[in-house]
Amino acid sequence: MSDNGGMTALDVLRPRLPSPLREVRDDRFERHGVRLLLKRDDLVHPELIGNKWRKLAPNLAAAAGRPVVTFGGAYSNHLRATAAAGRLLGLSTVGVVRGHELAGRPLNPSLARCAADGMRLRFVDRATYRRKTEPAVLAALLRDCDAENAYVVPEGGSNAAAVRACRELGAELGDRADVVAVACGTGGTLAGLAAGLAPGRRALGVPVLKGGFLDGDIRRLQQAAFGGPRGAWWLDDRFHFGGYARVSPALDAFAADFERRHGVPVERLYVAKALYALLALTEEGAFPRGTTLAAVITGRPFPERTL
Ligand SMILES: *Cc1c(COP(=O)(O)O)cnc(C)c1O
């Protein structure tokens, strides 16, 4: 950390904030009298992309140079962002990855990027992974990783500090849109976003996992971050397309078409589902004429490709 010209640790993570907000012209929305804005959180930082920058920044500050241990699936954007932060800040990072069967196999491109950024990867079976927040299980994991003094960031980076940081996303939007849509994994981004919006504005969460458990998770995250419920939000559970990382040909075609129309890269696992949901709801007549919608572009496709 001393070899970057006297900059303090978090300076190298300097983000572009507020992220750009711009209107796109799309006849499929205009036909219903609805405007569409894109909140380009994918442009916040070149390597800690979108909501991952917002959620990690306060945690990296809190880690204060200690090793960072965190958790994710085999294609986790959060693991990649944490690994990149580790390289940029000179922090040691450990990624606990769901799926013991992945150990000893060639790494997929996402995990290969994590490893190239210096992250140590630890594969655990699904039962252990599910119990990772239990103190005894966590302590054993940390011991196993030789990281007992580590700063632990939960799966997806969603803890109280992260949720409070995501309130800034809502504050940047303020009263610019009536409804702001965001794709949800853990729900941390939605929990903060809803808290930051101006009164009367609403946040729509589009879960990308199947299961319908998110409502309680988001309440708990807001309780931990703010001491109680904040803002107006709701979830629409119809747009997970079969679950995490499931991308149907129809969703893929929708996303490719959106990219062609608007010149914006559309990440398929999350962002495409939120955009699809906004269009479907618009076509169902869910939004009165004169409504302004915003979609949070929370990430970029990986591996990066040119449009
Ligand atoms: C992680 C991620 C999300 C989900 O964020 P949560 O706070 O976990 O709900 C949404 N979009 C993208 C692109 C992500 O990488």
Side-chain angles (χ1 to χ4, degrees), residues 19 38-45 47-59 70-85 95 98 110 113-114 153-170 180-196 203-211 213-222 224-225 233-237 239-241 243-245 247 251 255 258 264-278 294-304:
S19 63
L38 302 183
K39 177 67 170 159
R40 297 293 305 274
D41 256 26
D42 57 318
L43 302 177
V44 164
H45 189 279
E47 298 193 71
L48 280 67
I49 295 162
N51 63 353
K52 300 303 182 278
W53 186 90
R54 293 189 190 269
K55 297 200 288 185
L56 271 172
N59 282 298
T70 193
F71 305 86
Y75 290 93
S76 166
N77 293 334
H78 166 67
L79 284 185
R80 277 202 317 283
T82 306
R98 178 180 55 229
S110 187
R113 174 72 62 88
C114 292
V153 177
E155 180 172 40
S158 288
N159 55 13
V163 170
R164 284 192 292 269
C166 287
R167 183 171 48 188
E168 199 53 36
L169 166 61
V180 181
V182 67
C184 297
T186 62
T189 306
L190 175 68
L193 163 68
L204 162 65
V206 179
V208 306
L209 289 93
K210 207 157 65 175
F213 51 83
L214 212 52
D215 218 85
D217 287 359
I218 292 167
R219 270 174 234 290
R220 278 187 286 279
L221 285 166
Q222 286 202 332
W233 56 271
W234 85 104
L235 299 175
D236 194 322
D237 253 315
F239 303 102
H240 54 67
F241 287 84
Y244 184 68
V247 179
L251 181 66
F258 196 95
V264 174
V266 176
E267 190 269 352
R268 299 299 201 264
L269 308 193
Y270 292 94
V271 177
K273 295 178 183 181
L275 291 169
Y276 190 98
L278 270 185
V296 184
I297 308 301
T298 41
R300 272 207 305 269
F302 177 85
E304 291 84 359

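Both backbone and side-chain heavy atoms feed into the values below; hydrogens, waters and symmetry mates do not. In each ligand, atom 1 is the first atom listed, and ligand 1 is the first ligand listed.
Atom CZ of Phe239 has more than 12 heavy atoms from other residues, nucleotides or ligands within 6.0 Å.
For the pair Glu155 (side chain) and Phe71 (backbone), a donor-acceptor distance under 3.5 Å is absent. Not a single donor-acceptor pair under 3.5 Å links the side chain of Lys55 to the backbone N or O of Ala162.
Each of the following atoms of ligand 1 lies closer than 4.0 Å to a heavy atom of Thr189: 5 (O), 6 (P), 7 (O). If you number the atoms of ligand 1 from 1 as listed, the ones under 4.0 Å from a heavy atom of Gly299 come out as 13 (C). Ligand 1 places these atoms under 4.0 Å from at least one heavy atom of Cys184: 9 (O). Per-residue contacts place Gly187 under 4.0 angstrom from the following atoms of ligand 1 (heavy atoms of the residue considered): 6 (P), 8 (O), 9 (O). Here is the list of ligand 1 atoms found below 4.0 Å of a heavy atom in Ala183: 4 (C), 10 (C). Contact atoms of ligand 1 toward Thr186: 6 (P), 7 (O), 8 (O), 9 (O) (distance under 4.0 Å to a heavy atom of the residue). Per-residue contacts place Thr298 under 4.0 angstrom from the following atoms of ligand 1 (heavy atoms of the residue considered): 10 (C), 11 (N), 12 (C), 13 (C).
Lys52 forms no cation-pi arrangement with Phe302, by the criterion of a distance under 6.0 Å to the ring centre and an angle within 45° of the ring axis.
Contact annotation: the side chain of Val247 approaches that of Leu269 to within less than 4.5 Å [non-hydrogen atoms, C-beta and beyond].
Taking each heavy atom of Pro154 and Thr70 in turn, the nearest pair found is O-OG1, 3.4 Å. Of all non-hydrogen atoms in Thr186 and Gly156, the two that sit nearest each other are CG2-CA, 4.1 Å.
Using a non-hydrogen distance threshold of 4.0 Å, Arg300 does not register as a contact of ligand 1. Contact between Gly156 and ligand 1 is absent, with no heavy atom of the residue lying under 4.0 Å from the ligand.
Between Val296 and the choices Leu190, Asp42, Asp41, Val271, the side chain to side chain contact (heavy atoms under 4.5 Å, CB included) rule is met once, by Asp41.
By the 3.5 Å distance cut-off applied to N or O atoms, Asn77 is counted among the residues near ligand 1. Residue contacts with ligand 1: Gly185 is placed with a nitrogen or oxygen under 3.5 Å of a nitrogen or oxygen of the ligand (distance criterion only). Where the criterion is an N or O separation shorter than 3.5 Å, residue side chain and backbone included, Tyr270 fails it with respect to ligand 1.
In this structure, atom 1 (C) of ligand 1 lies nearest to the protein heavy atom Lys52 NZ, 1.6 Å.
Contact annotation for His78 and ligand 1: no heavy atom of the residue comes within less than 4.0 Å of the ligand. Under 4.0 Å from ligand 1, the heavy atoms of Asn51 that appear belong solely to its side chain.
Side-chain atoms of Asn51 and Arg54 include no donor-acceptor pair closer than 3.5 Å.
Between Arg113 and Glu304 there is a salt bridge, since a side-chain N of the basic residue sits under 4.0 Å from a carboxylate O of the acidic one.
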